[in-house]
Engineer: 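Before we start, here is the structure in question, set down as structure tokens.
For the numbers below, each heavy atom of this structure counts, side chains included, while hydrogens, waters and symmetry mates do not.
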Amino acid sequence: MKTVLFFVFILFLTQGSIAQSKIKKAEESLNNNTESVSESENNITYFNNNDSSSNGNFFADVFGELFIQIFAYTVYGIAFESPFETNNSGSYAFVSKFPYNNSTQGQYTYEWNEDTPIIRTTFSARYISENSRINGTHLNLDTRFLKRFGFEANYLQLWEKNPYFGTDNLAMYTALAKYYRVRTEKFNLWWGLGASYIDGDVNDFGFTYGLGAELFFARPLSLEAIFNQSLINGETVNKFDGLLNYHLKNYKVTGGYEHIRIGNQNFSTLVLGAGIFF
């Protein structure tokens, strides 16, 4: 009888660990790192208090002011615009009314006319699915203005059917201020900085940055790649999208692949969605 009870107890523990969903494991991996982050921050503070006076001017003393100026100038040129690009057509490109508004242009056009908008917004909704148990929704609102700048609000919701405890879910909110570094009629590239928030058991904010590019290689198609990383509790949340867009006037249909890594858990999903430009 004792042997039977022992095996029942082991079986119960095994089922409990197996029953835990990927979403719950992801939340735990983000939360478990909070304590270690606090300890490392204390250590850094202690180190800085002891060594800040001796090392505060290290770079200025060793490399000199000239090196710092050259470095800052180079970083600015890479991130924003170098003097060699000011006479290039992409330097003054305008946001297009919508992609493929004519036969050549994508997100940007070199010609200004009465239909060229100062501000343009894109709303897209994508359904993502890894398997019959895990799926989600990805909503995105993207606004471009003053040729070079943009703002993006992003909402990701994941659901996972747990065979033992119902449905687990996790939502992530991201806001990015974006700068469109490359603006041509066939290709555009941007980078952005912002903040993110994960609800549920994590319930915490973090810093986020993003990179993205889109190539308009053949009307009415475009290839789009987007990477976003958020830093929460010393862990990372990564999202990568590889998308094929089909453009039809001010609408688009999207399909592709999205990989999400939350803490130590990976989600590889297929994507199907649609968007509107206005």
Side-chain angles (χ1 to χ4, degrees), residues 73 75-126 138-156 173-197 207-228 239 241 243-254 256 273-278:
Y73 185 80
V75 170
Y76 179 86
I78 294 174
F80 295 97
E81 187 174 66
S82 69
F84 307 103
E85 300 174 90
T86 54
N87 294 325
N88 187 278
S89 299
S91 180
Y92 55 83
F94 306 99
V95 179
S96 62
K97 188 175 182 180
F98 50 81
Y100 290 119
N101 188 31
N102 61 42
S103 59
T104 59
Q105 71 187 33
Q107 299 283 14
Y108 287 88
T109 177
Y110 298 148
E111 298 180 1
W112 170 270
N113 57 54
E114 59 183 11
D115 293 329
T116 305
I118 299 176
I119 300 175
R120 195 200 69 195
T121 300
T122 308
F123 175 76
S124 60
R126 302 196 294 267
H138 213 153
L139 304 179
N140 182 275
L141 186 69
D142 182 272
T143 299
R144 305 188 188 208
F145 54 91
L146 300 178
K147 303 179 185 178
R148 302 168 183 258
F149 302 99
F151 176 79
E152 175 182 301
N154 192 77
Y155 169 70
L156 171 65
Y173 307 82
T174 305
L176 278 176
K178 301 166 68 174
Y179 180 81
Y180 290 88
R181 175 61 181 85
V182 179
R183 305 170 302 279
T184 73
E185 291 187 329
K186 291 290 187 179
F187 178 77
N188 63 266
L189 181 148
W190 60 266
W191 59 267
L193 303 173
S196 58
Y197 171 76
F207 168 78
T208 187
Y209 68 91
L211 301 167
E214 189 169 10
L215 174 66
F216 295 83
F217 62 96
R219 188 176 186 177
L221 302 175
S222 69
L223 284 173
E224 187 174 9
I226 306 168
F227 174 76
N228 179 263
K239 293 181 290 183
D241 293 86
L243 306 173
L244 177 65
N245 299 312
Y246 181 92
H247 299 273
L248 182 62
K249 293 187 177 181
N250 61 321
Y251 298 95
K252 68 175 179 179
V253 178
T254 300
I276 182 172
F277 301 87
F278 58 91

Engineer: Check whether the side chains of Glu214 and Ser222 place a donor and an acceptor atom closer than 3.5 Å, and report yes or no.
Structural biologist: yes
Engineer: Looking at Lys186, I want to see if its NZ is surrounded by more than 12 non-hydrogen atoms of other residues, nucleotides or ligands under 6.0 Å.
Structural biologist: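 Enclosed.
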Engineer: Can you confirm whether more than 12 heavy atoms, excluding those of Phe145, are under 6.0 Å from its CZ atom?
Structural biologist: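 Result for CZ/Phe145: enclosed.
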Engineer: Sequence neighbours excluded, which residues qualify as side-chain hydrogen bond (donor to acceptor under 3.5 Å, both in side chains) partners of Thr254?
Structural biologist: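 So Thr254 forms a side-chain hydrogen bond (donor to acceptor under 3.5 Å, both in side chains) with Asn245.
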Engineer: Can Arg181 and Glu85 be counted as an ion pair, charged N to O under 4.0 angstrom?
Structural biologist: yes
Engineer: Can you list everything that forms a side-chain hydrogen bond (donor to acceptor under 3.5 Å, both in side chains) with Asn88? Sequence neighbours excluded, please.
Structural biologist: none
Engineer: Can you tell me how far the OG1 atom of Thr121 sits from the CZ atom of Phe278, to the nearest 0.5 Å?
Structural biologist: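 It is 5.0 Å, given to the nearest 0.5 Å.
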Engineer: What heavy-atom pair brings Tyr246 and Pro220 nearest, and what distance separates the two atoms?
Structural biologist: CE1-CG, 3.4 Å
Engineer: Quick one: side-chain hydrogen bond (donor to acceptor under 3.5 Å, both in side chains) partners of Thr208, sequence neighbours excluded?
Structural biologist: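 Once residues adjacent in sequence are excluded, the partners of Thr208 under the side-chain hydrogen bond (donor to acceptor under 3.5 Å, both in side chains) criterion are Asn228, Ser230.
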Engineer: What pair of heavy atoms forms the shortest contact from Arg183 to Lys147, and how long is it?
Structural biologist: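 Heavy-atom minimum between the residues: CD-O, 3.6 Å.
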Engineer: Taking the side chain as everything from C-beta on, heavy atoms only, tell me whether Arg148 gets closer than 4.5 Å to Val95.
Structural biologist: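 They are not in contact (no side-chain heavy atoms under 4.5 Å apart), so the answer is no.
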Engineer: Could you list the residues that satisfy ring pair (Phe, Tyr, Trp, His ring centres under 6.0 Å) with Phe207, not counting sequence neighbours?
Structural biologist: none
Engineer: With under 30° as parallel and over 60° as perpendicular, where do the rings of Trp191 and Tyr179 fit, or are they tilted in between?
Structural biologist: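 Trp191 and Tyr179: tilted rings.
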Engineer: Quick one: list whatever passes ring pair (Phe, Tyr, Trp, His ring centres under 6.0 Å) with Tyr197, sequence neighbours left out.
Structural biologist: Phe205
Engineer: For the CG atom of Leu176 and the CG atom of Asn154, what is their distance to the nearest 0.5 Å?
Structural biologist: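 It comes to 8.0 Å.
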Engineer: Suppose we screen for side-chain hydrogen bond (donor to acceptor under 3.5 Å, both in side chains). Which residues come up paired with Tyr110, at least two apart in sequence or across chains?
Structural biologist: none
Engineer: Judged by atom type as modelled, is there a donor-acceptor pair below 3.5 Å linking the side chain of Ser96 to the main-chain atoms of Thr109?
Structural biologist: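 It does not hold such a pair.
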Engineer: I need the Leu139 CG to Tyr155 OH distance, nearest 0.5 Å.
Structural biologist: 7.0 Å
Engineer: Would you call Arg120-Asp142 a salt bridge at under 4.0 Å N-O?
Structural biologist: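 Here Arg120 does not pair with Asp142 in a salt bridge, since their nearest N and O are not under 4.0 Å apart.
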Engineer: Name the residue from Tyr100, Phe187, Tyr108 that meets the ring pair (Phe, Tyr, Trp, His ring centres under 6.0 Å) definition with Phe216.
Structural biologist: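 The ring pair (Phe, Tyr, Trp, His ring centres under 6.0 Å) with Phe216 is passed solely by Tyr100 among Tyr100, Phe187, Tyr108.
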Engineer: Quick check for you: to the nearest 0.5 Å, what is the distance between Glu152 atom CD and Asn140 atom CG?
Structural biologist: 4.0 Å
Engineer: To the nearest 0.5 Å, tell me how far Leu146 CG sits from Tyr180 OH.
Structural biologist: 12.5 Å
Engineer: Going by atom types only, do Tyr251 and Lys249 share a side-chain donor-acceptor pair under 3.5 Å?
Structural biologist: no
